[in-house]
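Below, chain A is the first sequence line, B the second, and so on; all start at residue 1. What's counted below: heavy atoms across the whole structure, side chains too, no hydrogens, waters or symmetry copies.
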Protein chains: 2
Amino acid sequence: MQSFTEENYLKVIYHLAQKTTNVQTNAIAEQIQTKPASVTDMLKKLAEKELVDYVKYQGVTLTEKGKQAAVNIVRKHRLWEVFLVDKLNFKWDEVHDVAEELEHIKSVDLIERLDEFLGFPKSDPHGDPIPDKNGTFAKTQFIKLIELKIGESGTITGVSQHSSPFLKYLEKLGLTLGKQIQITDITDFDGSVEISVNDKQINISREVAKHILISNNGKI
Amino acid sequence: MQSFTEENYLKVIYHLAQKTTNVQTNAIAEQIQTKPASVTDMLKKLAEKELVDYVKYQGVTLTEKGKQAAVNIVRKHRLWEVFLVDKLNFKWDEVHDVAEELEHIKSVDLIERLDEFLGFPKSDPHGDPIPDKNGTFAKTQFIKLIELKIGESGTITGVSQHSSPFLKYLEKLGLTLGKQIQITDITDFDGSVEISVNDKQINISREVAKHILISNNGKI
DNA sequence: TTATATTTTTAGGTAAATCTAAAAAAAAAT
DNA sequence: ATTTTTTTTTAGATTTACCTAAAAATATAA
């Protein structure tokens, strides 16, 4: 079993490893809100426990054992987020911090029963996939909204930015999960995107469009 | 805000204070599974924070601030127990350890929403009262089953022993919360009690009868 | 009321996770 | 190919919660 702190390191390394193979000390420090020196200490400890492969000055990768542990935390985090939104009526921008605490509750039985209670959800309130109890993710097929061309359409199925202001903004625009959208225009000047959603035309910046994930896309 | 460990001390002191006014160092150490020397250290720290009144060699009492914090943990613990039993189908003997972890989740919003989701329950799966968000307990009127006389009856509304074997045993006998019972005989020899429940006659020891709490009692 | 037992505290130390400041290694720029 | 910058590590402290062993205070018994 890992400590609360070790679990946080594993989770952060897991997420950072989606971008780069070898995860850097500084990147971890930034995520965990601590100093690089503290990270080095912890990496040694995790390597000792065979949860990461660590070579001085070369960054880390998770071992199979470390990856399993990390995926399990991700699973718990996302299931709790579903609980908070579906059952306790939290908004999708309010759940992160609470789930951050709940994800460390240890009982295996609890999480299996929670999964069942929630109806074995496949994704969390932000569209992120929930691994099953063996750590397997369902294959998901997303493209970024920014990649759609004029006339193309699709369904909003995720976001790649979880900050509260961003999520609140999308909510205000009516750009929530499950919504059907169509690209009606792309401005030459700054690349901002005009889309039709809820029978209305709205305009979003390229930056926003980058972080909206679309599935079932195609021409109409 | 208190640390996880501080919260545990406050909770234990709160529970022990139901029996004696001045809570002793050794009693705390036993409950928390630690050494008396460690308890002394922590009592100094809690006194420093004005959560307890502590006089060397004289034991401790909670201050008003300390009591508030303790009652809040009790509230969270009991609400989570209701969640586990009512929503996740845990048995009443399985919930204690998990609730012990969940009670330390900090979000105030979470616990208010959970309370609402559960329908503002007034007692937990063992019949213990749940304080409201101001820390007020509803007045409860229990007597021990052992105090009933032959012919008297009542409703099982609580237990004063939470060990898993005890709870499992009661479950097997059908002595669960809400059940209507009547005393049909009390054995002279060892004081064991014959009761009628679910249209059957069963026999329990004095020791068991001491830990079953009855309300609405009276002659029939 | 003195002796004995129990309870509690002090003193000094350990382990986990953090820190700052300085040194070392690696990467980038001239 | 140096120099400069950035990244990472080491060394030595700090804080929290715990420990053991010994001393001190309190309670109990003779």
Give [X] one of three labels, base, sugar-phosphate or nothing, depending on what nucleic acid heavy atoms sit under 4.0 Å from its own.
X        : value
Phe4(A)  : nothing
Thr40(B) : base
Ser38(A) : base

- Query: Hey, does Gln31(A) have a side-chain heavy atom less than 4.5 Å from the side chain of Leu16(A)?
  - Reply: yes
Name the closest nucleotide to the [X] side chain, picking from [options].
X        : options                   : answer
Ala37(B) : dA25(C), dC19(C), dT10(C) : dT10(C)
Met42(B) : dA24(C), dT20(C), dC18(D) : dC18(D)
Gln58(B) : dC19(C), dT26(D), dA25(C) : dT26(D)
Thr5(A)  : dA24(C), dT9(C), dT18(C)  : dT18(C)

Salt bridge flag under 4.0 Å for residues [X] and [Y]:
X         : Y         : answer
Lys11(B)  : Glu103(B) : yes
Glu101(B) : Lys106(A) : yes
Asp132(B) : Arg75(B)  : no

OP1, OP2 of [N] versus side-chain N and O of [X]: anything below 4.0 Å?
X        : N       : answer
Tyr9(B)  : dC18(D) : yes
Lys56(B) : dA25(D) : no
Thr34(A) : dT18(C) : no
Asn26(A) : dT8(D)  : yes
Tyr54(B) : dT9(C)  : yes

Tell me the interatomic distance from [X], atom [atom1], to [N], atom [atom2], rounded to whole angstroms.
X        : N       : atom1 : atom2 : value
Asn8(B)  : dC18(D) : CG    : P     : 9 Å
Lys35(B) : dT7(C)  : NZ    : C1'   : 15 Å
Asp41(A) : dT14(D) : CG    : C1'   : 13 Å
Gln33(B) : dC18(D) : CD    : C1'   : 14 Å
Leu46(B) : dT16(D) : CG    : C1'   : 13 Å
Gln24(B) : dT8(C)  : CD    : C1'   : 10 Å
Asn22(A) : dT7(D)  : CG    : C1'   : 14 Å
Tyr57(B) : dA27(D) : OH    : C1'   : 13 Å

- Message: Students often mix this up, so state it plainly: with edges at 30° and 60°, are the rings of Phe83(A) and Phe117(A) parallel, tilted or perpendicular?
- Response: tilted
- Query: Considering heavy-atom distances to DNA chain C, does Lys44(B) or Ser3(A) have its closest nucleotide positioned more toward the 5' end?
  - Reply: Lys44(B)
